[in-house]
Structure formats: C-alpha cells, structure tokens
Peer 1: 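Before we start, here is the structure in question, set down as structure tokens.
No experiment lies behind these values; they were computed from the predicted model shown. Chain identifiers are assigned alphabetically (A, B, ...) following the order of the sequence lines, protein sequences preceding nucleic acid strands; residue numbering begins at 1 within each chain.
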2 protein chains.
Amino acid sequence: MKKVATADRVLSILRLFSTERPEWQVEDLGAELQLSASTAYEYVGSLVGAGLLVAGRTGHYTIGPAAIELDLIARRVDPLTRNAREILRKLVEESGAGTIGLLCRLYQLQVMCVDEYSIDPPPIETSYERGRPMPLIRGSASKAILVNLPARTLRRFFDLEREAVAAMGLGRDWESFKAETRRLRRSAPLVSIGELDAGALGVSAPVFGENDLILGSIGLVLSAEAVREDSARIESLRTLVGAAGQAVTRALLAP
Amino acid sequence: MKKVATADRVLSILRLFSTERPEWQVEDLGAELQLSASTAYEYVGSLVGAGLLVAGRTGHYTIGPAAIELDLIARRVDPLTRNAREILRKLVEESGAGTIGLLCRLYQLQVMCVDEYSIDPPPIETSYERGRPMPLIRGSASKAILVNLPARTLRRFFDLEREAVAAMGLGRDWESFKAETRRLRRSAPLVSIGELDAGALGVSAPVFGENDLILGSIGLVLSAEAVREDSARIESLRTLVGAAGQAVTRALLAP
DNA sequence: GCAAAATTCCGAAATAATAGGAATTTTGTA
DNA sequence: TACAAAATTCCTATTATTTCGGAATTTTGC
C-alpha cells in the first residue's frame, strides 16, 4: 500500500511513545528521528492538533485524548467485544478460582487482547493485557486463531514466519505445517503451557464471524501449578471454554 | 503551533471515524474530503501503516490496533488513572446502591472520563463514559475542574466561552464569573442535577497534582429520583466524594 | 520580574504530493 | 477453479509543500 512520506514521518513519532518511555520532549523526538528542531515542532504540532499528543507539563508530551477516544470507538463498535463481554464474565465466574478470562482478536497477522476479566487473578505474570499486541504463533489464545486461518492466509503466514513455525515444532515445510494445523484445529479448545509466560497455562477456543471466518479467541489463563496433574479440572475448563467460544460465535451470527 | 499540511490532511481522516460511522470505504473518505481516489488510498495507506486504521472486510476500514495500544500506554502511564483506580472502587462500594463512579481528567480545555466503575448501575442514561470528551462547563465532574483552574487559564476559558458561561448562569462578565467560581470552589464537593443528563445527579470533588495544579475530578453519578429530598444521603455522599478526592491528591504526591 | 526554556517565525532550495486514468491484484461467487 | 466485479496500485509531469538553520519571540519557573 503506497503511503505519504511526510505523513509517515509524522506518524513515526507516535511509535516512539511506549510504556517504557511515555513522555518526550520535542528536542529528543527530533534527535531520535534526525529532524531539525523546527521540523520536530511542526510534526508534534500536527499530532497535537489531531489530539494524539498533548503537552502535560510544558515541553513534555504524552499520548493525548484522541487515542482514548479512538479506543472508545473501537470498543463500542467491535462486534466481537460487544457480543463477548457477558460471555467472558460468565466463563470466568464458572471457571472457579484463580483464572483470568481473555478475549483476543486477529489484527492482520497479529493478535491483540481486546478484553480481559478476572475476579480472583492467579499469582502469575501474564503477557496478555488489553491493548498489547501478541505474536500469532505462541500461546493458546494465539494458536486457536492461527490454526483456523483460511488456507491462503495461513500460507502467507507460513512464508513470512517459516523459522518461527519450525522453532515452535509446527512443521518444517508447508505440507507438514498444514497437517499440524489441521490436527490442532480438530483438538480445540487448545491448551498451552508456558509458551508465553513461565508457569502459565492457557485454554482457548476460536471465535468465528460471518462466513466462518476466524475473528479471534476466548479463553482462560491460570497457574500451571494449580492444575498440575489435575486433568479432570483441565478437561472441565476445556468444556467451558469451548462452549464459550461457540456461544460468542452464535451471538455474532444473531442480529 | 505550526503544522504540516499534508500530515494534517491525512490525520483529518481519523476524525471521520466515529461511533455513528465507524467503518468507511476509501472511496467515501475521498469523497468526504474531496480527494482523488489515488490520494485517498495513499492517505489511508499511511494510517494503516501506522496501525491506526485496519481493513476489516476488504475495502471496509475501521480503527486499528494502534489506537488500542496507545490507549494502553495512556492508561498505564497516567498517574491520575493509576493512583485513583482503587480509591474509585472503594468510593463506589461505600456509596451504596445505584451509583456510578467516574474519574475525569482535564485535557486542554476539555474534560474526558478516563475511568469508570460501577457495581449496581442506576437506571438512567449517563453521558460520561471512558473516552468521551465532555465540555468543561456542564456537569459536576467538569465544574469541579473548571472552578479550580489557575486564574490565567480560567480567563482564557472565559474569553472563549463567554456565551456558554452566561447561559449556565455563571456570570456575564469576568468579575462576576471569577466571584462565582470562587464561591463554587469553596463549596466543594460540587453537586449538580440534570446538567448533562435529565434525571442524573452528580457529586464531584477536584483532584490536584504537583504545585496544586488541577488535574481532574472524581465523583459519583446517581439517579436524582433516588435521593429526592434525602439531603442526608446527599451530604454523606459529598463527604465520601470529598475524602476520595483528597485521597487521590495525596496518593499523587506520594512516591 | 527575570533568566532560561520552549516555541514560533522566516524564506529559498530541495523534495514530495497530487490527480486521473490505465493496469493489476484481490475478492466473492458460481 | 474460474470468472466478473471490486479494490488497489502504478504511472509521471506539474504544482505545492516541506525542510532547514538560526534569529526572534513567547512562555515558564523561580
């Protein structure tokens, strides 16, 4: 997709804002992107005008209200988020103690958590968090999506991520990758252990939209320790998660 | 603040996305902004490249993952949101049934709700919602901020919004507006009824940051009907809200 | 009210944006 | 799988905009 070079440079400023460094001075932005001071001010000016940046203390810029507003639009509009909210809550309630419920969405070839809910969070670190992009290849929430991609898309992913696929043991060539995804697709809901966070166990089921296109996944994260050798608990969670996935898919098809 | 014209035009595309119309085709965007098809594609291309837009069904663009990601950065970083979260929860718990807790923030001369929490929402419509920009002049959550603006800022606001100020009965000239804000400042926490939503009653207290600069407000919304003539309940809510405001201010000053 | 910091202003050379129509790719459907 | 329709990219000359350094100005913190 062809782009506008100037706009790209301006937008590249946004990418510098991160959790690690959420506040910048104009001079530093300019230095980072090799722009003169006056140009840096012009760029920042455009982003401030759009509300994407805002000056907190003078001279110190942070993410502005337009980002929060856009997020609201995204939340209000996304049929996945809307239809899954209540189902996610119920899933967590019925799953017993120590679980986090996650709703994830496919964006291009990435996965992003778009909703999370927990009553009694487990004592483990979890990477998934609303708004954090995740790789499509690791963790049950991602793999539940991956293995349900349409063949064309799956092929594109394979060509791009050949090494990562091999490293995860999902096949060294297209044929074996295809076979492996078929196998995983059939064994849904998927269970993964420690793929993203040591000590975490994930259980996830796919969610489909119109035309059976994969939209995202719904699932639970809990401490692997807590269900060690308790295969009955895991099975009951798989049942719950699978039902939740189907419920969301059904809700999406209904008016 | 000087801006970059091209970037501005590109960013103006974002403003077309709203709750009412969250999905656009490139052609329609071009028509709306009077751009040729190829230019519209270039603009959209830049925004897609930045992740701010994304194609759902091909040809249909919506807000993209970067917006959600920026929101996460904003949430994680904003000291107001971080420090107030738990206090807001407690406030709602202690306030009894039928309340919504709101945390609002000053952005330029606007107010935006940045967090909300409710256990048992009242049966009324409320305008305040996380991510929705609100005028600085109406509603207790906004006025709690307004009346605590530094004199210079308040003056700038008055010059800009002279008619709105008069319409809200806050004074027809600068002197009387100043006097009125002083009076309201002293009577915190503020109570307002039906200023934004018919039948809604708001109670809000200001929150200050470094150097006693006003940062935002914390408060409750409930059904005016529910507290009709129950001035004791209102007084007890004012006490709770006032304490919450002070607690957040204190939390912000602590390391 | 003052010094320091932040921001705006300037204009000319260098660079990039734009339209519009044709060419191509992608998609939905038979 | 193949087809038609839709979406997207490609093209290039003309036109308009961006960019820079440094000086001028405004705003801020004390």
Peer 1: Just how far, in rounded Å, is C1' of D:dA6 from CG of B:Asp28?
Peer 2: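 Roughly 13 Å, once rounded to whole Å.
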Peer 1: Is any side-chain N of the basic residue among B:Asp71 and B:Arg76 closer than 4.0 Å to the acidic one's carboxylate O?
Peer 2: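 No, no charged N to carboxylate O under 4.0 Å.
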Peer 1: Taking CD from B:Glu27 and P from D:dA6, how many angstroms apart are they, rounded to a whole number?
Peer 2: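 Distance check: B:Glu27 CD to D:dA6 P gives 10 Å.
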Peer 1: Provide, to the nearest angstrom, the distance between the OH atom belonging to B:Tyr41 and the P atom belonging to C:dT26.
Peer 2: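 Taking OH of B:Tyr41 and P of C:dT26, I get 14 Å after rounding.
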Peer 1: What is the distance from CZ of A:Arg156 to C1' of C:dT26, rounded to the nearest Å?
Peer 2: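 Answer to the nearest Å: 11 Å.
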Peer 1: Mind checking what makes side-chain contact (heavy atoms from CB on, under 4.5 Å) contact with B:Gln246, not counting sequence neighbours?
Peer 2: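 Checked B:Gln246 against side-chain contact (heavy atoms from CB on, under 4.5 Å); matches are B:Arg250.
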Peer 1: Suppose we screen for side chain to side chain donor-acceptor pair (under 3.5 Å). Which residues come up paired with B:Tyr61, at least two apart in sequence or across chains?
Peer 2: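 By the side chain to side chain donor-acceptor pair (under 3.5 Å) rule, B:Tyr61 matches no residue at all.
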Peer 1: Determine, for nucleotides 17-30 of chain D in 5'-to-3' order, which nucleotides have protein heavy atoms under 4.0 Å from the base (write B), from only the sugar-phosphate (write S), or from neither (write -).
Peer 2: SSBBBB-----SS-
Peer 1: Under 3.5 Å, is there a donor-acceptor pair linking the side chains of A:Ser46 and B:Asp8?
Peer 2: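 Judged by distance alone, the side chains do pair up.
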Peer 1: To the nearest 10°, let me know how far the axis at one end of the helix from C:dG1-D:dC30 to C:dA30-D:dT1 is tilted from the axis at the other, five pairs an end.
Peer 2: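 The end axes of the helix from C:dG1-D:dC30 to C:dA30-D:dT1 are about 100° apart, to the nearest 10°.
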Peer 1: Can you confirm whether A:Ile218 sits close enough to A:Ser204 that some side-chain heavy atom of one is under 4.5 Å from a side-chain heavy atom of the other?
Peer 2: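 No. Closest side-chain heavy atoms not under 4.5 Å.
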Peer 1: Taking side-chain contact (heavy atoms from CB on, under 4.5 Å) as the definition, give me every residue that meets it alongside A:Arg57, ordered by chain and number, with sequence neighbours left out.
Peer 2: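 Counting only residues at least two positions away or on another chain, A:Arg57 forms a side-chain contact (heavy atoms from CB on, under 4.5 Å) with A:Glu23, A:His60.
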Peer 1: Would you say that A:Pro150 contacts A:Leu213 through its side chain, given a criterion of any heavy-atom pair below 4.5 Å between the two side chains?
Peer 2: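 Yes - at least one pair of side-chain heavy atoms lies under 4.5 Å apart.
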Peer 1: State which residues pass ring pair (Phe, Tyr, Trp, His ring centres under 6.0 Å) with A:Phe177; sequence neighbours excluded, sorted by chain then number.
Peer 2: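 Once residues adjacent in sequence are excluded, the partners of A:Phe177 under the ring pair (Phe, Tyr, Trp, His ring centres under 6.0 Å) criterion are A:Phe158.
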